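Single-structure report; data block below.
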Amino acid sequence: MVKLTPELIEQSAQFTNPVRDRELDLRGYKIPVIENLGATLDQFDTIDLSDNDIRKVDGFPLLNRLKTVLLNNNRVVRIGENLEECLPHLDSIILTNNNIQELGDIDVLSTVKTLSSLSLMRNPVSTKKHYRLYVIHKLPQLRLLDFRKIKMKEREAATQMFKGKRGQKLVQDIVKKTKTFVPGATIQEKKQPEIQTGPSEEEISAIKHAIANATTLEEVERLTQLLRSGQVPGSHTNGSASFNRHADDEEMEYESNM
């Protein structure tokens with residue numbers, strides 16, 4: 001394992017990625033803890049922490065510029081509370097292929113009102129009953145979940161499922177939280193699969209579906225670059241996409257009704 005030091009940050013690759021965001025590449029060092037990111041001097045839109053050994057998403061200083069955090073292929077079991085206090089413009093968190101277990105572990109993201117894109121593919125939580133509708137219900141600010149646009153009919157279904165006393169009872173029945181994380185403690189984890197050398201068929205299909213439903217050329221460009229640039233698990237090609245996307249007609253209708 002390698003400690004995330006100011007020296008490592010200074011020596012790591014820094015570049016303008018294909019969507020013209022400034023990116024810091026911290027992939028593949030087996031970093032166990034997010035720390036010392038104040039050494040970035042808040043100069044990056046995207047920080048790529050994929051292919052490390054991070055277990056908890058926290059430890060960020062105040063970074064006003066940071067929009068996208070890439071955490072593919074880590075060992076994340078917990079998301080820290082109040083991320084919006086240190087990352088006030090956070091737009092996207094990509095947590096594909098981690099170890100988030102329970103639906104209740106996602107609740108902490110409800111306070112991150114700027115968050116529009118989230119990937120939890122290949123986490124145990126994504127296999128839970130009512131997973132997608134629960135996340136849509138709990139995080140109404142999302143536009144994209146697991147590389148698929150959230151449609152108005154899904155929002156309506158989520159509202160219907162979780163409304164009233166019956167909905168509250170359902171939430172109580174299905175939501176659990178993983179036991180409190182203690183740094184350094186032994187955690188029972190789902191055995192991680194070997195890191196792939198390319199995106200899975202499921203991930204390719206999800207992104208192609210999003211491209212097919214895109215409504216602007218800018219959105220098509222961003223999603224196409226996402227597919228090519230390796231920001232799905234396993235691809236080590238430098239470059240990543242920030243997910244600042246326009247809503248489709250159904251989402252615009254949803255916003256106008258809020």
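Note that the structure is predicted; figures quoted are calculated from it, not measured.
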(request) Measure the spacing between CE of M121 and OG of S126 and express it to the nearest 0.5 Å. (result) 8.0 Å

(message) Any non-hydrogen side-chain atom of I31 less than 4.5 Å from a side-chain atom of D53?
(response) no

(request) Identify whether V2 and V76 are in the same connected component of the hydrophobic contact network (ILVMFWY, side-chain heavy atoms under 4.5 Å). (result) yes

(message) Using the rule that Ile, Leu, Val, Met, Phe, Trp and Tyr join whenever any side-chain heavy atoms are under 4.5 Å apart, tell me whether Y29 and I47 fall into a single cluster.
(response) yes

(request) Mark yes or no for whether N97, through its side chain, and N123, through its backbone, hold a donor-acceptor pair below 3.5 Å. (result) no

(request) Give a yes or no on whether the backbone of I54 and the side-chain of N74 come within a donor-acceptor separation of less than 3.5 Å. (result) yes

(message) A side-chain contact here means heavy atoms from C-beta on lying under 4.5 Å apart; do F44 and D21 qualify?
(response) no

(message) Taking ring-ring contact (aromatic ring centres under 6.0 Å, His included) as the definition, give me every residue that meets it alongside H130, ordered by chain and number, with sequence neighbours left out.
(response) none

(request) Would you indicate whether Q43, at its atom CD, is surrounded by more than 12 heavy atoms from other residues, nucleotides or ligands within a distance under 6.0 Å? (result) yes

(request) Return yes if some donor-acceptor pair links the side-chain N/O of K113 with the main-chain N/O of S110 below 3.5 Å, else return no. (result) yes

(message) For D91 and S116, which I'm curious about, is there any donor-acceptor pair between the side chains at under 3.5 Å?
(response) yes

(message) Can you tell me how far apart CG (N98) and CZ (R122) are? Round to the nearest 0.5 Å.
(response) 10.0 Å

(request) Spell out, as yes or no, whether a donor-acceptor pair under 3.5 Å connects the side chain of N36 to the backbone of L4. (result) yes

(message) Within the structure provided, determine whether V57 and L95 are in side-chain contact (heavy-atom separation under 4.5 Å).
(response) yes

(message) Could you measure the distance from the CD atom of E23 to the OG1 atom of T68? Nearest 0.5 Å is fine.
(response) 8.5 Å

(message) Please report the interatomic distance CD1(I100) to CZ(R78), rounded to the nearest 0.5 Å.
(response) 9.0 Å

(message) Could you tell me if the side chain of T46 sits less than 4.5 Å from the side chain of N17, heavy atoms only?
(response) yes

(request) Output yes when E102 and K128 qualify as a salt bridge under the 4.0 Å nitrogen-oxygen rule, no when they do not. (result) yes

(message) I'd like to know if E156 pairs up with K151 as an ion pair, taking the criterion as any Lys NZ or Arg NE/NH1/NH2 lying under 4.0 Å from an Asp or Glu carboxylate oxygen.
(response) no

(request) Compare all side-chain heavy atoms of I9 with those of T5 and state whether any distance is below 4.5 angstrom. (result) no

(message) Any non-hydrogen side-chain atom of D48 less than 4.5 Å from a side-chain atom of L24?
(response) no

(message) Distance alone, cut at 3.5 Å: any donor-acceptor contact between the side chains of N73 and D51?
(response) yes

(request) Report yes if the side chains of T114 and Q141 come closer than 4.5 Å at any heavy-atom pair, otherwise no. (result) no

(request) Hey, could you give me the NE2/CG distance between H89 and N64, rounded to the nearest 0.5 Å? (result) 6.5 Å

(message) Whether D42 and R65 form a salt bridge (side-chain N of Lys/Arg under 4.0 Å from carboxylate O of Asp/Glu) is what I want to check.
(response) no

Listing, residues 131-140 side-chain donor-acceptor contacts under 3.5 Å, not counting sequence neighbours, or none:
from : atom 1 : to   : atom 2 : distance (Å)
Y131 : OH     : D146 : OD1    : 3.4
Y131 : OH     : D146 : OD2    : 2.8
R132 : NE     : E154 : OE2    : 2.6
R132 : NH1    : L145 : O      : 3.1
R132 : NH2    : R148 : O      : 3.3
R132 : NH2    : K149 : O      : 3.4
R132 : NH2    : E154 : OE1    : 3.4
Y134 : OH     : D107 : OD1    : 2.6
Y134 : OH     : D107 : OD2    : 3.3

(message) Quick check: do L37 and L26 have side-chain heavy atoms less than 4.5 Å from each other?
(response) yes

(request) Kindly state each residue pair satisfying salt bridge (charged side-chain N to carboxylate O under 4.0 Å, His left out) with at least one member in residues 158-169, sequence neighbours excluded. (result) K169-D173

(request) Look up atom CD1 in I93 and atom NZ in K67, then write down how far apart they are to the nearest 0.5 Å. (result) 14.5 Å

(request) Would you mind telling me which of V112, L109, L118 makes a side-chain contact (heavy atoms from CB on, under 4.5 Å) with L142? (result) L118

